[in-house]
Each structure stands twice: as C-alpha cells, then as structure tokens.
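In what follows, chains carry the letters A, B, and so on, assigned in the order in which the sequence lines appear, proteins first and then strands, with residues in each chain numbered from 1. Basis for what follows: all heavy atoms, side chains included, without hydrogens, waters or symmetry-related copies.
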Amino acid sequence: GAVVSQHPSWVICKSGTSVKIECRSLDFQATTMFWYRQFPKQSLMLMATSNEGSKATYEQGVEKDKFLINHASLTLSTLTVTSAHPEDSSFYICSARDALVNQPQHFGDGTRLSIL
Amino acid sequence: SQQGEEDPQALSIQEGENATMNCSYKTSINNLQWYRQNSGRGLVHLILIRSNEREKHSGRLRVTLDTSKKSSSLLITASRAADTASYFCATDARNTGKLIFGQGTTLQVKP
C-alpha cells in the first residue's frame, strides 16, 4: 500500500534553532500534502495544506513565517519550524493524498519535536 | 478548526466485548474516515465510508454513516487487548479537500 515517510522521528534542540521536517510519498505522487500538529492527549489540528508548485495554504491562527512549508516536488514537502521555542514543542504529522477523490490520506509516523 | 465531536472520550472494556464510538460533524462531506493511533505514533487508516453509503464492514470493524444526522459510528466486535489505541473520525469536507479530525476516543481493552 501507499507509504508516507516522515523524517526525523524525534528532534531535541535548543531554543532559537530552526528545525526542518521532511515528508515523502514513497510510491505515489502527492499533489497535496497536509501538516498537522498534535498536543498530548489531543486530536490532530490541521496547520496547513501544502500544494506542489505553489504556496501553502495556512489555517487560521497558524503563523506562516513561523512554519515555513515547501512542496518542491510531487513526492516531498518540508515543514521548517523557524526559531523554535519551547511552546513549539509538539508532535507534528504529515499526510499525503493522491489526486483521486474518496481515497484515504496516508500518514507519516510523525515527528516529536522537543525544544529546550 | 476541528469540526468533529466524538463520544465517549474514553472507553474501557474487557477483551471479547464490543466497543462502539460515535462521531458527529457539521458540514457537508465527501466521505468520513476512521483512523487509529497508537501512543506516540502516526495514524493508521481503518475504513472510509462515502457520503452515499450507509454502512461498511472491514473484518471486525463496522462503520455506519447517517448524513441526515451528520453522524457516524465505529463498532469493533470481539475486541482484543491489541485494539487498545486512540480512534479518530475525520471528515473529508466538500469543496475544501481538507481532512478535519474529531476529538478522538481513547479505547482500553483489558485482557
């Protein structure tokens, strides 16, 4: 079945560091990818929709300058948390869908980000 | 913003019993999907039901959809300890292409 690879799975870094997370679709082309954030014991909150070859669409309340998204190819989207601070610590998950309607999204295994 | 409400928030049952989780949503949808998440992991897709479908089965899973009530249910029959996880419904809203998640139900199956 379709697989989405997310890397890294765990990041611990100092406050002020920028962190890049990669999301790759391994066996299908994903014109659209999604980035979610999840706090402990809570649901997934959609942060932004990443569109290949165009600017990402951010959900209300998500700072686009803080969370930079690049979807440079049909198989790769990246999320960069710029100048990360402890409040940015969270579980970040990406998903990808192909162009077909009524098909499930495929999720990466997530990235646990801890900012000290 | 999240549009799905799920109940119960937490469910604890004995192995062999059935588990039922409910989900409600607010807007028109293309489909509704159920996902499972083990602690600290990504999501695993369980089942997708289209807006023109009323019931769907997959192994020990049974999903119903009532678009007039904007609600869905997930039934897990003959539960196993390995079913312990969080379960989320997610709606694929019309005209947006986005997947919006419910708050989730945490299921604990005791051996």
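Residue-environment remark: NE2 (A:H7) stays at or below the threshold of 12 foreign heavy atoms within 6.0 Å. Surrounding NZ of B:K56 are more than 12 heavy atoms belonging to other residues, nucleotides or ligands, all under 6.0 Å away. Atom CZ of B:R60 has more than 12 neighbouring heavy atoms from other residues, nucleotides or ligands inside a 6.0 Å radius. Heavy atoms of other residues, nucleotides or ligands lying less than 6.0 angstrom from NZ of A:K64 number 12 at most.
Side chain of A:S43 to backbone of B:G104: no donor-acceptor contact under 3.5 angstrom is found.
There is no contact between B:Q9 and chain A, counting heavy-atom distances below 4.5 Å. In this structure, the portion of A:Q42 lying under 4.5 Å from any heavy atom of chain B is its backbone and not its side chain.
Using a 4.5 Å cut-off on side-chain heavy atoms (C-beta onward), B:L99 and A:L46 make no contact.
Nearest heavy atom pair, residue B:L43 against residue A:F107, reads O-CB, 3.7 Å. In plain terms, the two heavy atoms of A:Q105 and B:Q33 that are nearest each other are N-OE1, 3.6 Å. Between A:F91 and B:G40, the closest heavy-atom pair is CZ-O, 3.6 Å.
Of the listed residues A:Q60, A:Q38, A:R112, the one with more heavy-atom pairs under 4.5 angstrom with chain B than any other is A:Q38.
Residues A:V62 and A:I115 share a hydrophobic cluster, clusters being chains of Ile/Leu/Val/Met/Phe/Trp/Tyr side chains in contact below 4.5 Å. When hydrophobic clusters are built by joining Ile, Leu, Val, Met, Phe, Trp and Tyr residues whose side-chain heavy atoms come closer than 4.5 Å, directly or via intermediates, A:V81 is not grouped with A:W10. No chain of hydrophobic side-chain contacts below 4.5 Å, direct or via other Ile, Leu, Val, Met, Phe, Trp or Tyr residues, connects B:L48 to B:I100.
Atoms CG and CD, from A:D109 and B:Q37 in turn, are 10.0 Å apart once rounded to the nearest 0.5 Å.
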